[in-house]
Amino acid sequence: MTPADLASTVLTAARAVFVTRGLDVSLLPETTTVERPRNPEHGDYASTMAMQLARKAGVAPRELAAALADELSSRPGIKSVEIAGPGFLNIRLDAAAAGVLARDVVLAGQEYGRTDRLAGQRINLEFVSANPTGPVHIGGVRWAAVGDALSRLLRAAGADVGTEYYFNDAGSQIDRFARSLYAAAQGEPAPEDGYGGAYIAEIATAVLAAAPDALKLGRDEALEVFRVEGVKLMFAEIRQSLDEFGVHFDTYFNEKDLHDRGELQEALDRLREQGHIDERDGATWLRTTDFGDDKDRVLRKSDGDWTYFAADCAYYLDKRKRGFDRVVIMLGADHHGYIGRMKAMAACFGDDPETNLEILIGQLVNLVRDGEPLRMSKRAGTVITLEDFVDALGVDATRYALARYSSDSPIDIDIALWTRASRDNPVYYVQYVAARTASAARQAEAVGLTRGDAADFHPELLAHEKENDLLKALGEYPAVVASAAELREPHRVARYLEEVAGAYHRFYDEPACRILPKGDEPIGPANRARLWLNDATRTVIANGLALLGVSAPERM
RNA sequence: GCGCUCGUAGCUCAGCGGAUAGAGCAACGGACUUCUAAUCCGUCGGUCGCAGGUUCGAAUCCUGCCGGGCGCGCCA
């Protein structure tokens, strides 16, 4: 019996109580959940339904709880129901009802944890979106890990997701990039406002290899060559490093296309129809203050040029026109000032800024060695790059470390910690369970212990406290995936996996819960049952790590 | 000044209105003739920044204040 099954049993019981007592059935919620109490004295699961309904139904909480407990305790799979405190229902399951979960998880395999919670939602998820003027640096790295994990999470929760990388290969940033390459190719120092770092020289050399005559051209023509070739090389490099990091975008969207297709004008026209455009001081303004922004924003400057914000508007409209009903954009903390104008912009289009546009803000990351933030990078000069991260920690640890914390908190990633092979390194702790479960399965096979047919499975033998704890942890997985997806918080998956890992290690270390028979003891049904539990654990750990883009090794 | 965000154990951080607020590290003490001790168990450790409010119930929601970080261009 899964927590979801139990919750619907509770709801059914509540309905029966309401009917019997002549209460208004429409007061009952559509769905309910059961909690997993921290205190084992409070049973396997707890329901707060009696307290939530008591006031509405006009019945004392404990009286309602008593009626519910009575109704519930006769249902199959339920061992006991107690009333506690102001009206908690503390429920214990039969060992057999709880143990069946091990089989269900194994049989579901990769499907275990997938839900339809977000079914029908079309979500566009934009992250990283760095312009091709240099390697992906530290801010983008966090979003590469978190954004990619979130995309996997949203898909697991049933959403239709498109991931997107937005970039601009024109404009003044790129001009500075081109001038920096040109200068480097001529052996000159970087321009005052240019880009530094060894990668500039590398790219410049590569441009010269592709276009050997570039320096013989006039300055303007040469700059154009360096711009076009440099962007091409830089972008290929960005894509490659993301690729090696396990992050693949569905769409790489170039801002230039918005201009070429006249989408900025189209967005402006649309906003004008909606009545939020002003002409002032020779410029065209979007009256974002209509929807709570601090000040109105210019779309087209008095010199006729479009602003960056105008492209943002066009890009948003483009995503909506492509059928995405939820546009999610992940930005660094230094961009949080954009939230107001972006939300207002969505409202100006006639959208609901609460549901159609979500802006997620990620705080900064430091890579730390011996308590000191790493600032210097051979490649980039001043910033930490994706490669720096991967060189220091490896892909798995980098992804896990970045996805483990709420994006709301600034984090220091300690190199020594995340490369250590011990309990205090969370990725090791979790991956070790993957390896341990695989090892146990190998050992079992070697001594002729197999799970056998599903019909041979005796779930009631998984009655030890350690087994029960592990089963309860495994049962939480679908709810964790669903809520992490809804809240856009992949770190919940990592934290949950650490909990499962702890429960497994305690199970494994319990002499009374050996999977393999000891010495020359015969193989019994309890060994088989524990092998089901072992394999169910491996399934959950592997599925969860996959959501984070982290491997589940068979050996370590 | 305005806005956003954070404030939980000595440190790093969990905790989508539920019961006695948790984990790891650090400190101290235990467990390998037994499936990987890469693990496990125990002890110590708290004014959940402060003050009000909402609620049967608040670390969680609301308001104000204090403290840290960040942002406030016809820049990109």
Side-chain angles (χ1 to χ4, degrees), chain A residues 35 37-39 41-42 46 48 51-52 54-55 60-61 84-88 90 131 133 168 170-176 255 280-285 292-303 305-309 311 332-341 361 363-364 404-406 408-412 414 417 420-426 428-429 431-433 435-444 446-447 449 466 479 483-484 486-487 489 491-492 494-496 498-499 501-502 504-511 513-519 527 530-531 534 555-556:
Chain A
E35 296 169 15
R38 191 162 279 284
N39 185 340
E41 289 172 15
H42 295 151
T48 57
M51 288 180 287
Q52 284 161 358
R55 168 175 284 249
F88 288 98
N90 292 337
N131 282 342
T133 56
N168 180 3
S172 63
Q173 282 186 52
I174 297 290
D175 290 342
R176 290 212 297 274
E255 180 186 332
R280 277 204 307 270
D281 310 325
T284 304
W285 299 69
D293 193 15
D294 303 337
K295 61 187 76 170
D296 293 333
R297 307 290 169 175
V298 172
L299 293 179
R300 188 148 52 185
K301 297 185 264 186
S302 51
D303 65 6
D305 285 350
W306 295 101
T307 61
Y308 186 83
F309 182 61
D334 52 339
H335 285 78
H336 77 246
Y338 287 9
I339 296 176
R341 79 192 66 167
I361 296 298
Q363 298 296 322
L364 302 182
R404 180 179 190 259
Y405 301 93
S406 162
D408 290 337
S409 24
I411 48 173
D412 290 339
D414 185 278
L417 171 67
R420 206 173 291 157
S422 67
R423 172 72 180 93
D424 44 326
N425 177 352
Y428 238 100
Y429 187 67
Q431 284 188 313
Y432 182 41
V433 170
R436 261 190 159 175
T437 53
S439 169
R442 282 193 302 270
Q443 304 264 357
V447 299
L449 167 60
K466 301 284 178 13
S483 70
E486 274 181 337
L487 295 166
E489 293 185 346
H491 75 275
R492 288 169 185 276
R495 300 294 175 151
Y496 163 78
E498 289 164 30
E499 211 178 290
Y504 179 81
H505 286 311
R506 286 187 286 274
F507 157 76
Y508 186 95
D509 281 355
E510 171 56 56
C513 295
R514 285 181 54 86
I515 299 161
L516 301 180
K518 192 173 176 180
N527 299 301
R530 291 190 199 114
L531 186 57
N534 178 76
R555 287 188 168 80
M556 294 178 72

With [atom1] as the reference atom in both, quote the distance from [N] to [M] in angstrom, rounded to an integer.
N: B/C70; M: B/U63; atom1: C1'; answer: 24 Å
N: B/G1; M: B/G57; atom1: P; answer: 37 Å
N: B/G18; M: B/A59; atom1: P; answer: 10 Å

Under 3.5 Å, which N/O atoms of the protein pair with N/O atoms of nucleotides 20-27 of chain B?
residue : atom : partner : partner atom : Å
B/U20   : O4   : A/N39   : ND2          : 3.4

With sugar-phosphate meaning primed atoms plus P, OP1 and OP2, does [X] contact a base, only sugar-phosphate, or nothing at under 4.0 Å between heavy atoms?
X: A/S406; answer: sugar-phosphate
X: A/E255; answer: nothing
X: A/N534; answer: nothing
X: A/I339; answer: nothing
X: A/Y429; answer: sugar-phosphate

**Q.** A/Y508 and A/Y504 aromatic ring geometry - parallel, tilted or perpendicular at 30°/60° bounds
**A.** tilted

Can you tell me the base-pairing partner of [N]? Count Watson-Crick or G-U wobble geometry only, both distances below 3.5 Å, and say none if there is no partner.
N: B/C16; result: none
N: B/U33; result: none
N: B/A9; result: none
N: B/G46; result: none
N: B/G71; result: B/C2
N: B/A58; result: none
N: B/A21; result: none

Q | Syn-anti status, with the boundary at 90° from 0, for the nucleotide B/C32 | A | syn

Q: Give the B/S/- string for nucleotides 69-76 of chain B, one per nucleotide from 5' to 3', where a protein heavy atom under 4.0 Å of the base yields B, of only the sugar-phosphate yields S, and otherwise -.
A: -BSSSBBB

Taking the minimum atom-to-atom distance to the side chain of [X], which one of [options] wins?
X: A/D509; options: B/C35, B/G18, B/U39; answer: B/U39
X: A/K518; options: B/C40, B/G18, B/U34; answer: B/U34
X: A/F88; options: B/U39, B/C41, B/A19; answer: B/A19
X: A/Q52; options: B/A19, B/A38, B/G18; answer: B/G18

Q) Are A/V433 and A/H505 side-chain neighbours, meaning at least one heavy-atom pair lies under 4.5 Å? A) yes

Q: Taking the side chain as every heavy atom from C-beta outward, state whether A/F309 and A/R341 have any atom pair closer than 4.5 Å.
A: yes

Q) Just to confirm, is there a sub-4.0 Å distance from OP1 or OP2 of B/A19 to any side-chain nitrogen or oxygen of A/T48? A) no

(Q) Tell me if a side-chain donor or acceptor on A/R530 pairs with a main-chain N or O of A/R514 at a distance below 3.5 Å. (A) yes

Q.
Go nucleotide by nucleotide along RNA chain B from the 5' end; which of A/Y405 and A/Y428 gets its closest nucleotide reached first?
A. A/Y405

Q: State the CD1-CG distance between A/I339 and A/D293, to the nearest 0.5 angstrom.
A: 11.5 Å

Q. How long is the span from the CG atom in A/N534 to the CG atom in A/N527, to the nearest 0.5 Å?
A. 11.5 Å

